[in-house]
Amino acid sequence: MTARRPSLAPLLTRMRDREPGLAASLLAGAVAAGLGFASYAALLMVLWVSSPYPDSGPAGALHVAAGLWLLAHGVELVRTDTLSGTPMPVGVTPLLLLALPVWRVYRAARDAVDAPEDADGPPPVPARTVWTGVVLGYLGVGGAIALYCSGGELRPAWPWVTACLPLVAAGSAAAGVWSAYGRPREPVLRALTVLPGPVQRVVFGADARARVGTAVRATGAATAVLFGGGALVLGVSLVWHGEAAQASFLRLTEGWTGRFAVLLLGIALIPNAALWAASYALGPGFLLGTGHGVTPFASDPAPLLPPFPLLAAVPDPGAGTLPNWLAGLVPVAAGVMAGWFVARGAVGQPEPGGAATARWPLARTAGVMLLTATVCAVAFALLAELAGGPLGVAALARFGPVWWQTGGAVGAWTAVFGMPVALVVRAWRLWHGRTRGGEIPAQGAGAGRDGKGAPADTGTGGYGSGAGQGEAAGEPAQATDPAEAEGTAEAPGEGRDEEEGRSREEAARARGQDAAQAGEAGSGRILARPENVPHATGAAEEDPYEILPAEDPFGPGWHDDLTRASHWTAPREPAAPRDASDVPGPRPGSAPTPPAWPLSPEPRTDVPADQPDPDPDGTEPPPAPR
């Protein structure tokens, strides 16, 4: 035994490592099944306790709860306490009750994966381990509930138990594990390999994920419209037959407990009734007994129907009229919605400023529309089969829509009305995208440029010449050349020679300044650097400088080297003046503006050499020239 221990250690280690994940998955599946049964049992026990006529003990209420839990999974039940003694099947599954076990198993599988929220957390439990544990745990409790229910008046049909319980548990657990792992596409594509060859050529290939996703979204939209339209038709019919519905509700029972139970049963069957109404709007209608169909063209309900509020909404016997035919607008709206979703997926999203592009050609768009119609037909046929079933024998052997008729009608309506909508909307979106996202003019073209694409001297953007600015303001063009400025006005500070001005400009350029003092400028303004201004044609080539106002907006306290450098190096764009009074610089008839204070302290020339400088740091401005 001691010699064999090393060989068994790796196996025990692997089992010990896998046991927590498998045990947690088994427990999650068992808890999901137990909570589902407990919710039904609690409701039935409350109704039994509050009932004034309890026919059986608590065991009878628990048996009914177990039967209701199995019926919610699609299991057909057999009723033994009949007046004739013949067992009666009950196979109409309330769709609202089916949503409860599906949601519980889905949540149990998703939580059992235990995926880490960050990369440093523990690895998630393997998908196969979670799926196996949840399914086995759920089926273990479900089998025990079925065994317990077999001793009551509502007994399960075991072929349906072996088919429906594993199908619901396996499908819901697979969806939960797939969602917990981030919804990867590989398992879905592997599952689609069982489809026939022509269907695989449509599903797989280039851009398969986009086509399948578009078809699924269009199917969901069309199914939602059909359900909503069916609910609307049901509500209108209930209001139209309000008196009959109220009488049937009051006739079933007299106590408030029984009426509350009837109300809960009616609420649980509302999705079934909405799907029946949708099948009625599609054309095939539904059956109220063997050989008794109800369609928009003719209504022939079975006689001696049990009084129930939802059955009171059935149209009166006889030929259909215009209000009955108006129900056909529901599948038309569903087909239009499906076509719109397909057209939306067929056209790619245009880039900013670009034209819309066709994602799929016409043939592929039509193929996606046919795929959508096929998926709609399959989905609605499955729902129609779940929503109907037998409520007895003989005339009550069939209730609800016929699945193949309803599925075929959904596919036909979706293809007929969705195909033209998809093609027309696709063409319209392409044309509209090209008109809106056509060729965009280059930046600066159009306004502010001449016919050849050259910048126009408008002066409004701060890039034109001085003449352009004067013309934009409605005034004569002002000369910006130093020679022209000297001819028009006598510039203050003429005593400074050109060499001193060039030296100051070179010093400012060495310090990284973007503006320099123009000693020869006659208008008392600071000239911006030419490399910061776009070059223009005409008069701007003679003087590439832009005129900026010389008034300093900061007080004397801000005139230190760092602040002055950071202030004047920032690019400044002057706003276009509105009138002549807003134009910076000397106004007509006024004294010329003195030049701005230099960017850097200059040697004082107005102080004798034998006297100390009263302003050594250069914070005081020099006296105005006389």
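Sequential numbering from 1 along the given sequence is applied to the chain's residues. None of the values given here were measured: they were computed from a predicted structure.
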task: Fit a plane to each ring of Tyr138 and Trp69, take the angle between them on a 0 to 90° scale, and name the class: parallel (under 30°), tilted (30 to 60°) or perpendicular (over 60°).
output: tilted
message: Working note: Met369 + Thr414, criterion side chain to side chain contact (heavy atoms under 4.5 Å, CB included); need CA distance, chi angles, decisive distance, verdict.
response: CA-CA 8 Å; Met369 190 66 239; Thr414 306; 3.8 Å; yes
field: Neighbour count >12 (heavy atoms, 6.0 Å) for atom CE, Met337
entry: no
[X] side chain to [Y] main-chain N or O, any donor-acceptor pair under 3.5 Å?
X      : Y      : answer
Asn272 : Thr93  : yes
Ser179 : Ala175 : no
His292 : Leu288 : no
Thr80  : Glu153 : yes
Thr132 : Arg128 : yes

query: Does a side-chain heavy-atom distance below 4.5 Å link Ser25 with Trp131?
result: no
field: Side chain to side chain, Leu282 and Leu226, heavy atoms closer than 4.5 Å
entry: yes
List the atom of [X], the atom of [Y], and the distance in Å for their closest heavy-atom pair.
X      : Y     : value
Leu100 : Ser39 : CD2-OG, 3.9 Å
Cys149 : Ala66 : CB-CB, 3.8 Å
Pro156 : Leu70 : CB-CD1, 3.8 Å

task: Sort out for me which residue in Val135, Val177, Val102 forms a side-chain contact (heavy atoms from CB on, under 4.5 Å) with Ser172.
output: Val102
task: Evaluate side chain to side chain contact (heavy atoms under 4.5 Å, CB included) for Leu305 paired with Phe399, printing each intermediate quantity in order.
output: CA-CA 11 Å; Leu305 286 175; Phe399 268 74; 4.0 Å; yes
At what distance, to the nearest 0.5 angstrom, does [atom1] of [X] lie from [atom2] of [Y]?
X      : Y      : atom1 : atom2 : value
Leu234 : Trp276 : CG    : CH2   : 11.0 Å
Leu68  : Leu43  : CG    : CG    : 8.5 Å
Leu383 : Thr406 : CG    : OG1   : 10.5 Å
Arg155 : Arg79  : CZ    : CZ    : 13.5 Å

- prompt: Taking the six-membered ring where the residue is Trp, are the ring centres of Trp413 and Phe417 under 6.0 Å apart?
  reply: yes
- prompt: Among all residues two or more places apart in sequence or in another chain, which pass the salt bridge (Lys or Arg N to Asp or Glu O under 4.0 Å) test with Arg259?
  reply: none
field: side chain to side chain contact (heavy atoms under 4.5 Å, CB included) between Thr219 and Val378, intermediate numbers included
entry: CA-CA 10 Å; Thr219 300; Val378 173; over 6 Å; no
task: Report the C-alpha separation of Phe286 and Leu275 in whole Å, then their side-chain angles, then the decisive distance to 0.1 Å, and conclude whether the side chain to side chain contact (heavy atoms under 4.5 Å, CB included) test is met.
output: CA-CA 10 Å; Phe286 52 89; Leu275 198 144; over 6 Å; no
